[in-house]
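Reading through the structure tokens given below for one structure.
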Amino acid sequence: MTVRMSAPDRSVRPRNLDLARLRSTAGRALRALGHARSEISVSLVGDEEISELNESWRGKKGPTDVLSFSLFEGEHREYRGEMLGDIVIGLAAAQRQARERHRALDDELDRLLIHGLLHLLGHDHEVEAEGRRMRAEERRLRRETGAGRAP
């Protein structure tokens with residue numbers, strides 16, 4: 001299993017950000033999902049970058065907390081190998097949400113990573129029944145991986 005991480009430079013990165021923990025959470029979640037040999041990339045970006053991606057890919061203005069770009073879809077999916085796709089986490093949004101929810105930043109990042117990973121694998125929450133299934137799977141993964149606190 002390979003988890004490729006990118007994050008802002010240490011000079012602008014929050015001091016309480018634990019990238020090793022996030023990488024470990026990703027590995028445990030991949031194993032729990034039966035994808036121990038798979039590869040993902042995880043990028044932590046600022047509001048400006050995630051806003052651009054959100055508008056380009058979803059047609060929605062402003063920052064969001066997490067975006068997933070799955071390689072299970074699209075015209076060249078048969079060439080993806082073990083790569084599941086890319087997860088982009090809005091670091092500033094994660095910080096805001098952590099404060100609002102009285103959580104540690106790392107707990108919020110774990111939650112967003114798991115949410116994004118499930119989107120890579122085809123889960124969605126646009127329809128209420130699908131949303132319930134996705135939330136149940138998120139809770140299961142948090143329990144199994146010890147990631148973050150369940151809401």
Side-chain angles (χ1 to χ4, degrees), residues 1-30 33 35 38-128 130-135 137-139 141-142 145 147-151:
M1 149 196 25
T2 303
V3 178
R4 301 186 188 281
M5 301 280 300
S6 65
D9 183 86
R10 286 187 187 272
S11 64
V12 295
R13 183 185 315 163
R15 284 186 306 222
N16 58 339
L17 176 62
D18 187 347
L19 291 178
R21 172 186 161 157
L22 192 59
R23 181 186 306 274
S24 178
T25 296
R28 288 190 314 273
L30 284 167
L33 289 163
H35 284 275
S38 294
E39 179 177 346
I40 62 170
S41 75
V42 179
S43 299
L44 304 177
V45 301
D47 274 346
E48 185 177 325
E49 188 171 351
I50 203 151
S51 292
E52 289 173 13
L53 290 169
N54 199 25
E55 187 165 358
S56 294
W57 292 96
R58 297 179 64 226
K60 297 188 178 194
K61 289 192 181 290
T64 189
D65 53 3
V66 63
L67 294 169
S68 296
F69 299 94
S70 177
L71 293 177
F72 276 97
E73 305 168 339
E75 96 184 44
H76 300 293
R77 66 184 171 272
E78 66 271 15
Y79 302 111
R80 73 174 180 81
E82 297 297 329
M83 182 66 166
L84 299 178
D86 305 310
I87 299 169
V88 181
I89 297 174
L91 186 54
Q95 289 175 296
R96 288 188 295 271
Q97 288 173 181
R99 275 191 306 273
E100 290 166 7
R101 296 172 177 167
H102 307 286
R103 281 190 181 134
L105 175 60
D106 290 325
D107 290 339
E108 185 65 13
L109 291 171
D110 282 348
R111 188 188 73 75
L112 293 171
L113 177 103
I114 286 171
H115 186 86
L117 182 55
L118 289 174
H119 275 305
L120 288 183
L121 296 173
H123 288 265
D124 207 349
H125 45 78
E126 295 300 316
V127 176
E128 183 55 34
E130 292 174 0
R132 281 192 303 273
R133 284 190 294 276
M134 185 171 181
R135 286 187 298 277
E137 185 67 353
E138 287 174 337
R139 285 189 300 273
L141 283 173
R142 284 196 303 267
T145 64
R149 296 183 311 194

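In this structure, L112 CG and D65 CG are separated by 5.0 Å, a value rounded to the nearest 0.5 Å. Put simply, CG on L67 and NE2 on H119 are 9.0 Å apart, with the number rounded to the nearest 0.5 Å. With rounding to the nearest 0.5 angstrom, the CD1 atom of I40 is 5.0 Å from the CG atom of L30. Here R111 contributes atom CZ and I89 contributes atom CD1; the two are 10.0 Å apart, rounded to the nearest 0.5 Å. The structure places CD of E39 at 9.0 Å from CD of E82, a figure rounded to the nearest 0.5 Å. Note: L118 CG to L141 CG = 5.5 Å, rounded to the nearest 0.5 Å.
Using a 4.5 Å cut-off on side-chain heavy atoms (C-beta onward), V66 and V88 make no contact. Side-chain contact between P14 and Q95: present, with at least one pair of heavy atoms (C-beta onward) separated by less than 4.5 Å. Inter-residue side-chain proximity for R142 and I114 is flagged as met; some heavy-atom pair is nearer than 4.5 Å. Annotation: side chain of L109 is in contact with side chain of L17 (closest heavy-atom distance under 4.5 Å). The shortest distance between side-chain heavy atoms of D47 and R96 falls below 4.5 Å. The side-chain heavy atoms of D106 and N16, taken from C-beta on, include no pair separated by under 4.5 Å. You'll find the side chain of H123 reaches within 4.5 Å of the side chain of E137, heavy atoms only.
Atom CD of E130 is surrounded by more than 12 heavy atoms from other residues, nucleotides or ligands within 6.0 Å.
For the residue pair L120 and S68, the shortest heavy atom distance occurs at CD2-CB, 3.9 Å. Minimum interatomic distance between I87 and G116 (heavy atoms only, all atoms of both residues): CD1-C, 3.8 Å. Closest heavy-atom contact between A98 and E108: CB-CB, 3.9 Å. Here the shortest heavy-atom pairing between R21 and D18 reads N-OD1, 3.0 Å. Taking each heavy atom of G62 and N54 in turn, the nearest pair found is O-ND2, 3.0 Å. Of all heavy-atom pairs spanning S51 and P63, the tightest one is OG-N, 3.0 Å.
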Evaluate the side-chain hydrogen bond (donor to acceptor under 3.5 Å, both in side chains) criterion for residues D86 and S41: first the C-alpha distance (whole Å), next the side-chain angles of each, then the deciding distance (0.1 Å), finally the verdict. CA-CA 5 Å; D86 305 310; S41 75; 2.3 Å; yes
Checking V3 against L22 for the side-chain contact (heavy atoms from CB on, under 4.5 Å) test, could you report, in this order, the C-alpha distance in whole Å, the side-chain angles of both residues, the deciding distance, and whether it holds? CA-CA 10 Å; V3 178; L22 192 59; over 6 Å; no
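Between F72 and H35, the two ring planes are perpendicular [angle over 60°; tilted spans 30° to 60°].
We find that D110 and R28 are not joined by a salt bridge, their nearest charged nitrogen and carboxylate oxygen being 4.0 Å or further apart.
With H125 as the fixed residue, the side-chain hydrogen bond (donor to acceptor under 3.5 Å, both in side chains) test singles out one of R133, H115, R135: H115.
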